[in-house]
2 protein chains.
Amino acid sequence: MKDTGINATFKGCGLKNTKSRLAILDILERSVQPVSAEQIFLELKEKNISANLSTVYRTLDKLTEKKLVTKLQITGDSRALFEYNRMVHKHYLICLECKKITAIESCPLGDYVKALARETDYSIAGHRLDIYGFCPDCRKKD
Amino acid sequence: MKDTGINATFKGCGLKNTKSRLAILDILERSVQPVSAEQIFLELKEKNISANLSTVYRTLDKLTEKKLVTKLQITGDSRALFEYNRMVHKHYLICLECKKITAIESCPLGDYVKALARETDYSIAGHRLDIYGFCPDCRKKD
DNA sequence: TTTAAAAATGCAATTCATTCGCATTTGCAT
DNA sequence: ATGCAAATGCGAATGAATTGCATTTTTAAA
Ligand SMILES: [Mn+2]
Ligand SMILES: [Mn+2]
Ligand SMILES: [Zn+2]
Ligand SMILES: [Zn+2]
């Protein structure tokens, strides 16, 4: 298993260092797309580090809680997806055909959100922007 | 039961006119906040038009399919919410404390989405923007 | 107005993702 | 090495939503 940089171990965030926990974070770190608990469960099995599905869920909870991982609820997918948290504010472009998720690491909403806070007198804590469409690949196949 | 304007009956959209279906659309039309299937189920019971919960779900499916109603998946709520579709593009401002949902009937993303389509070569079908924060009322109580 | 087919409904059972209880095991500080 | 909290496995439970099927209702046609 590869050393995951700053997070080689879980010391410092109050989590114990277990084989499956390290493996799960590793899978998440290398994954180019967000993954579900079930997918992680299966990947672990392939790597012969198999963990129980409830353990996978519990681990993902912990990692999310510690902000090492981000939990995504994409409309149209009944399962939650998880991705390694690289500490970048981002939005998602989702292909309605192949379900591919592309991160957009820019945000058009900075000023808008400030203005909205003023107008509504809310204190704004965050936002979520998902954009839906059809990717070039899927568009070709028509 | 009040005549719901253009949708006094379901003729023209291929749905049969049943008591519970009319009542459900009526509840949705009058509701100031989006509502869950369960809430509708309970409101129906109060009005002595009680329908089975599966009927409520099936009806909401149909209404959503016919675009008379919009289905919302708000992060942090395990249930789906439904609202009468007034054919207005909108976004939501959600209070993390009291869960109040405020519709925002303006969109800051028009040009951005067009630019994104060009950059990414996606054909963009839609988007979803939810903004999270704390409403004035909840902020006072601190 | 009767009639027949299609659509809608009630009810119970089922699905699916996720969570929980509890006995056992493991990691880690001492 | 020892002890204790944390983590795990396993099976059962949860909760929202869906489904199968028998029965009822709606609607259009006769
Ligand atoms: Mn943003
Ligand atoms: Mn918009
Ligand atoms: Zn695609
Ligand atoms: Zn509030």
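FYI, side chains are in, hydrogens and waters are out, and symmetry mates aren't considered; it's all heavy atoms of this structure. In what follows, chains are A, B, ... by sequence order, proteins preceding strands, each numbered from 1.
In this entry the distance linking CG of Leu22(B) with P of dT9(C) reads 10 Å, nearest Å. Leu72(A) places its CG atom 13 Å from the P atom of dT18(C), with the value rounded to the nearest Å. Rounded to an integer number of Å, the gap from CG of Leu44(B) to P of dT9(C) is 11 Å. A straight line from NZ of Lys11(A) to C1' of dC28(C) spans 9 Å, rounded to a whole angstrom. Put simply, CG on Asp77(A) is 12 Å from C1' on dC16(C), counting in whole angstrom units.
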Give every donor-acceptor pair under 3.5 Å between a side-chain atom in residues 48-56 of chain B and any protein atom, sequence neighbours left out.
from	atom 1	to	atom 2	distance (Å)
Asn52(B)	OD1	Ser54(B)	N	2.9
Asn52(B)	OD1	Ser54(B)	OG	2.6

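Residues passing the side chain to side chain donor-acceptor pair (under 3.5 Å) test with Ser123(A), sequence neighbours excluded: none. Applying the side chain to side chain contact (heavy atoms under 4.5 Å, CB included) test to Lys114(B) and every residue at least two apart in sequence or in another chain returns Asp111(B), Arg118(B). Annotation: side chain to side chain donor-acceptor pair (under 3.5 Å) contacts of Arg128(B) (sequence neighbours excluded): Thr75(A), Asp130(B).
Under the side chain to side chain donor-acceptor pair (under 3.5 Å) criterion, no residue pair touches residues 60-69 of chain B, with sequence neighbours excluded. Within the structure, the salt bridge (charged side-chain N to carboxylate O under 4.0 Å, His left out) test picks out the following pairs touching residues 91-109 of chain A (sequence neighbours left out): Lys100(A)-Asp137(A). Annotation: ring-ring contact (aromatic ring centres under 6.0 Å, His included) contacts involving residues 105-142 of chain A, sequence neighbours excluded, comprise His89(A)-His127(A), His91(A)-His127(A).
In this structure, Lys45(B) places its NZ atom where only 12 or fewer heavy-atom neighbours from other residues, nucleotides or ligands lie under 6.0 Å away.
Remark: side-chain polar atoms of Arg79(A) are not paired, donor with acceptor, to backbone N or O of Ala37(A) under 3.5 angstrom. Judged by distance alone, the side chain of Thr120(B) and the main-chain N or O of Leu116(B) form a donor-acceptor pair under 3.5 Å.
Put simply, the side chain of Thr59(B) does not reach to within 4.5 Å of the side chain of Ile40(B), judged on heavy atoms.
Shown here for Ser31(B) and Val35(B), the closest heavy-atom pair between the two residues is OG-CG1, 3.5 Å.
Along DNA chain D, the stretch of nucleotides lying under 4.0 Å from any heavy atom of chain A spans, 5' to 3', dA5(D) to dG11(D).
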Mind listing the N/O atom pairs, protein and nucleotides 5-8 of chain C, below 3.5 Å?
from	atom 1	to	atom 2	distance (Å)
dA6(C)	N3	Lys16(B)	NZ	2.8
dA7(C)	O4'	Lys16(B)	NZ	2.8
dA8(C)	OP1	Lys16(B)	N	3.3
dA8(C)	OP1	Arg21(B)	NH1	2.6
dA8(C)	OP1	Arg21(B)	NH2	3.2

Dump the pairs, protein N or O against N or O of nucleotides 19-23 of chain C, anything under 3.5 Å, distances to one decimal.
from	atom 1	to	atom 2	distance (Å)
dG21(C)	O6	Arg58(A)	NH1	3.3

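One end of the helix from dT1(C)-dA30(D) to dT30(C)-dA1(D) points its axis 30° away from the other end's axis, with each axis taken from 5 pairs and the angle rounded to 10°.
Other residues sharing the hydrophobic cluster of Val88(A), ordered by chain and number and joined by side-chain separations under 4.5 Å: none, the residue standing alone.
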